Structure formats: structure tokens, C-alpha cells
J.: 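The structure is given below, and queries will be raised subsequently.
Quick note on labels: first sequence line is chain A, next is B, and so on, each numbered from 1. All figures in this text were calculated on a predicted structure; none of them were measured in a lab.
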Amino acid sequence: MSEKAGVADTVGFERLSEYRYRIPRQGKMRCDAVFYASRRILEDLAAEDYASLRQLMGVATLPGIVEPALSMPDIHWGYGFPIGGVAAFDPEEGGVVSPGGVGFDINCGVRLLVSDISREELADRKARLADELFRSVPSGVGRGRKDFRIGRPDLRRLLVEGPSWLVERGYGEPGDLDGIESRGRLAGADPDAVSERAYQRGQPQLGTLGSGNHFLEVQYVDEVYDEEAARAYGLHPGQVTVLIHSGSRGLGHQVCTEYVERFLQVAPKYGIELVDRQLAAAPIDSPEGRAYLGAMSAAANFAFANRQLIAHFTREAFARAGFGGRPLRVLYDLAHNNAKLEEHGARRVLVHRKGATRAFGPGNPELPERYRGVGQPVLVPGDMGRYSFVLAGTEGSMRETFGSSAHGAGRKMSRRRAKKAARGRDLIREMEQVGILVRAAGRATVDEEMSEAYKDAAEVVEVTDGAGIGKKVARLRPQIVVKG
DNA sequence: ATGTGC
């Protein structure tokens with residue numbers, strides 16, 4: 001399929017460079033859109049009749065957008081905004097905030113822990129560790145935890161303070177906070193903008209994984225591409241790592257649901273014309289916009305705290321499995337579903353990243369000193385059978401994508417199709433035969449999350465690296481997978 | 001993603 005077909009039929013894009021394409025402003029778009037893709041990714045986009053690129057064009061119609069509307073190489077169809085979408089809005093130009101531009105799982109993200117344990121040491125205790133982790137980190141839809149209770153007044157404080165509230169009470173180490181994006185605390189969190197129902201749903205779920213694509217993986221570093229960055233991050237071949245992927249659970253979901261509804265009601269009042277109801281938005285500088293941002297930031301702090309507590313119980317599981325006294329340091333905790341006020345091109349803009357990560361380049365004062373020379377760690381989880389990647393933010397991401405990069409492999413099959421493809425197979429056994437132990441709350445999720453249901457993360461990473469919006473640092477191979 | 005449809 002050539003890009004010509006795209007021009008003629010529907011979307012109309014042009015190639016800017018090997019991996020970079022532009023959709024010129026057309027129809028109700030207020031600015032151009034730019035997307036990153038390989039020829040192969042382009043074929044995937046064509047196969048879905050450019051549905052996700054059309055969503056990106058919809059994003060470009062929203063008021064106050066700062067050009068261009070962007071998507072990362074892992075773009076796929078999502079609620080309103082495409083997953084992999086990045087869009088910045090200027091509050092002084094009537095810019096909007098959109099819950100669909102953040103996602104239902106507010107501040108979903110990944111945290112990478114690094115140990116001094118070798119792959120060989122892990123081999124001796126792998127089954128034991130898998131069992132301990134599965135016991136220590138509840139997973140599955142609606143699951144809570146019984147051994148950690150937080151009262152309402154404390155939860156309110158946690159929504160404002162994030163993981164520091166936990167660290168102060170012994171759930172973690174003081175150094176943990178240095179490795180979290182924004183130190184795990186988004187400013188402006190408003191616990192009063194979070195509904196009673198959201199509190200109720202979130203309260204028992206702190207320290208739980210959830211379901212779907214969420215996971216906890218024990219891995220090892222099997223390849224290093226950039227020695228200098230790997231050294232700065234403290235990564236070396238054969239080393240055991242832990243990758244935690246989870247978000248704000250029922251609390252964030254409830255916040256998103258309620259504000260989408262509210263924004264739909266008020267959009268006419270602000271003269272916002274929506275080409276798609278799922279793009280529901282309100283001005284950043286409006287009572288509704290401010291309330292959502294307050295609630296979203298609170299949910300974000302809850303998600304950071306959730307990963308903090310999961311990391312705490314992960315450390316306990318490692319100790320019980322015979323790795324007592326061995327450190328598990330936070331390399332980085334990075335969100336991929338949020339909206340943040342940032343300075344770009346001497347303007348203060350609200351950057352929505354929906355299935356996209358922050359990827360600040362070298363020298364950025366936001367970064368911990370030890371990473372400042374090489375740029376921010378960018379974590380790109382792959383599917384559960386293959387590999388995940390660590391990249392570094394670049395000058396290119398700062399210049400082209402409001403300091404953003406890709407967040408993962410992206411689905412290739414629908415959940416329904418994956419389930420069908422898994423019929424008659426025992427995926428857990430297949431994984432075990434290649435040395436990956438799976439512990440899951442249910443088999444259905446494992447089927448839906450099968451390796452073949454995902455695009456190859458390596459492809460996404462090649463495009464990201466090739467386009468210069470992220471730099472390959474290391475590859476991680478799974479050994480233990482805990483799923484919902 | 002999600003008390004996996006109101």
C-alpha cells in the first residue's frame with residue numbers, strides 16, 4: 001500500500017522523512033497533524049481504514065491546539081483521542097482539556113526496579129518468587145487488598161501528596177521518590193473534585209495490579225545498545241529487573257467517566273463544536289476544566305502511589321523468596337496517560353499524553369541529576385512473551401513532540417480475536433516451556449494478552465529511535481509474569 | 001482501562 005492511496009481515499013498525508021508523516025490541515029482541523037510510522041505500521045493503519053489517524057485529525061479540530069497534533073509509532077484506536085496521541089493546548093488561546101485525551105486509566109504507567117541479582121541466581125528461585133509475587137500483589141478486575149487499609153482522611157492526603165505519603169510511613173525508601181516522574185506528585189490535585197463514588201472504588205485497591213494489559217514482570221537485561229546511558233541508569237547485561245504496569249484502578253476510571261459526562265453537558269456553553277462526542281472537552285480556564293484537572297491530578301497521584309505500594313510488596317516478596325537484603329532500586333516511574341502543564345517553545349501549554357510518555361532530553365532540570373547528562377529514561381513495555389525496552393529522551397523529542405515518545409507495543413488483534421486464536425492452546429504452558437513463568441488471576445486475560453495479539457515492540461522502538469524522538473538503551477526479557 | 005452493558 002502506498003501513501004498515495006491514503007491521499008486519494010481518505011486521510012491525505014505526505015511523507016516528511018523516513019518515519020515522519022504530515023496530514024495537512026483540512027476541513028475543521030485547526031492545525032496540521034504529524035504522525036510517526038514505518039511502512040509496516042502504515043500498512044496496519046491502512047488495514048483499519050485509517051480510523052486512528054482520523055481520530056488524530058479530530059484532535060486537531062479542538063480549540064487552542066498548538067500545532068501539530070501528534071501521534072507516536074504505537075498509535076491505535078482509542079476512546080476519542082487515539083492511543084499514542086500527543087496534543088498541547090494553550091490556556092491563553094482558549095485551549096481545552098479533554099478526558100478522552102488522557103484516557104480512562106488516569107496516569108497509567110510503568111515503574112522499573114533494578115536489582116543486583118543475576119539471571120543465574122534468579123533461576124534457582126524462580127518458581128518460589130513467582131508464587132510469592134502472585135500472593136503479594138493482588139491482580140484481577142475489582143480486586144482489593146486486605147492487608148493494607150487506608151482511611152478516608154488519609155486517602156485524601158495521599159491524593160494530594162502521592163507516594164511520599166507512603167514512603168514517610170515506611171512503604172518504600174526515601175530514594176524512591178527521586179526516580180518518579182514529577183516525584184510522584186502532580187501539583188493542583190484537588191481531593192474535593194473527586195467524587196464519593198471514586199473514593200469508594202479506589203480505597204481498597206491501593207497496591208493492586210488490576211487486569212487487562214497490566215502486569216508485573218521479573219526480567220533480565222539481555223542487550224545493551226547504549227553503554228553510556230545504560231551506565232547512567234545502572235543497567236548491565238544479565239541483571240534482574242522488575243517492571244510494574246498499573247494505573248489508578250477504579251478511582252481514575254470513575255473520575256474519567258464522570259467528567260466526560262459533565263463536559264458533554266457544558267461543551268455548547270463554551271461554543272465547543274465536537275466532531276466526535278468522545279472528544280468532550282472544556283476550556284482549561286473554566287470551572288469545569290479546572291475541576292477535572294484537579295481530579296485528574298489527584299487520580300494521577302493515586303496511580304503513582306499504587307505503583308509505590310506494589311513496589312513495596314514486591315520487595316517483601318523478593319525477601320521471602322530468599323533475596324532478603326538485596327536492593328530493588330527505582331530506576332524510573334513513568335506515566336503514559338495524563339495531561340501536564342509544561343513549558344515548550346517559551347509557552348506554557350497543557351500537554352495531553354494518551355498512551356504516550358514524557359521523554360525529556362538531556363540537560364532538562366526536571367530530571368534527577370544522575371540522568372541529566374543522557375536524558376530521561378523512557379520505558380516501553382512489550383508483550384508478555386517477547387521483550388520490553390528502555391530508551392532515553394532526546395533533543396529530537398523536545399523539538400518535535402513536546403518532549404514525548406512511544407509507550408508500548410500496541411494491540412494488533414482485538415481481545416475477541418485473540419481469545420479465538422488462543423482456543424485449544426495452553427498459553428501458560430507454552431510460556432513455561434520457553435522459561436517464562438506465568439501466574440494469573442484468570443486464563444481469559446492471558447489469552448487476550450497473548451504475544452501474537454500485540455505488535456512487535458521492537459518495530460515501535462526502531463521507528464522511535466530512527467525518527468530521533470527516543471534513543472535505544474537496553475532490552476529486557478521476561479522471566480516471571482504476574483497478570484490479572 | 002473498568003464492580004468488563006443500563
J.: For A/H245 and B/dT2, give me the distance from atom NE2 to atom C1', rounded to whole Å.
T.: 14 Å
J.: Salt bridge or not between A/R315 and A/D176? Use side-chain N to carboxylate O under 4.0 Å.
T.: yes
J.: Need one value for A/R143: base, sugar-phosphate or nothing, where a base atom within 4.0 Å counts as base even if backbone is also close, heavy atoms only.
T.: nothing
J.: Taking atom P of B/dT4 as reference, at what distance in whole Å does atom CZ of A/R249 sit?
T.: 12 Å
J.: Calculate the interatomic distance between A/R416 atom CZ and B/dG5 atom P; express it in whole Å.
T.: 12 Å
J.: Give A/G247 one of three labels, base, sugar-phosphate or nothing, depending on what nucleic acid heavy atoms sit under 4.0 Å from its own.
T.: nothing
J.: Calculate the interatomic distance between A/K483 atom NZ and B/dT4 atom P; express it in whole Å.
T.: 19 Å
J.: Does A/G103 reach a base, just sugar-phosphate, or nothing at all? Heavy atoms under 4.0 Å.
T.: nothing
J.: Would you indicate, yes or no, if B/dT4 has its OP1 or OP2 atom less than 4.0 angstrom from a side-chain nitrogen or oxygen of A/R415?
T.: no
J.: Below 4.0 angstrom, N of the basic side chain to O of the carboxylate: do A/R429 and A/E432 qualify?
T.: no
J.: Looking across every strand, which nucleic acid part, if any, lies under 4.0 Å from A/S211 by heavy atom: base, sugar-phosphate, or nothing?
T.: sugar-phosphate
J.: Rounded to the nearest angstrom, tell me the gap between atom CD in A/E258 and atom P in B/dT2.
T.: 16 Å
J.: Find the distance A/E448:CD to B/dT2:C1' and express it as a whole number of Å.
T.: 13 Å
J.: Tell me what A/Q205 touches on the nucleic acid: a base, only sugar-phosphate, or nothing, going by heavy atoms under 4.0 Å.
T.: sugar-phosphate
J.: Are the charged groups of A/E342 and A/R358 less than 4.0 angstrom apart, N to O?
T.: no
J.: Could you tell me the separation between the CD atom of A/Q200 and the C1' atom of B/dT2, rounded to a whole number of Å?
T.: 16 Å
J.: Specify the separation, in whole Å, of atom CZ of A/F104 and atom P of B/dT2.
T.: 12 Å
J.: Scan for ring-ring contact (aromatic ring centres under 6.0 Å, His included) pairs involving residues 61-88 of chain A, sequence neighbours excluded, and state none if there are none.
T.: A/Y79-A/F104, A/F81-A/H352
J.: Within the 3.5 Å criterion, strictly below it, is a donor on A/K340 or A/S182 matched to an acceptor on the partner's side chain?
T.: yes
